[in-house]
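These notes are about the structure you will find just below.
Throughout, residue positions are numbered sequentially from 1 according to the sequence presented.
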Amino acid sequence: MNRIKNLNLFQKGLLAAMIAMVLVFTVIYAKTISRVGFEYGGEILFRL
C-alpha cells in the first residue's frame, strides 16, 4: 500500500485509467463474444 501512496498525482491517474480500461474492455469483449451474428448490409452474418 505504501508503494501506491508514494506515487504522484499523474502516476495515480495513469494507474486508475489503466485499471478502468481493463474493466471496460472486459465488458466489451464479453458482450462481443456472446453475440450470435453481426448485422451487415441488412443481413445477419453468422460465425462458422
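- Note on L23: it does not cluster hydrophobically with V27, by side-chain heavy-atom contacts below 4.5 Å among ILVMFWY residues.
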Side-chain donor-acceptor pairs under 3.5 Å in residues 5-22, sequence neighbours left out?
from	atom 1	to	atom 2	distance (Å)
N6	ND2	N2	O	3.1
N8	OD1	F10	N	3.1
N8	OD1	Q11	N	2.9
Q11	OE1	N8	N	3.1

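- By the side chain to side chain contact (heavy atoms under 4.5 Å, CB included) test, T32 pairs with I28, F38, sequence neighbours left out.
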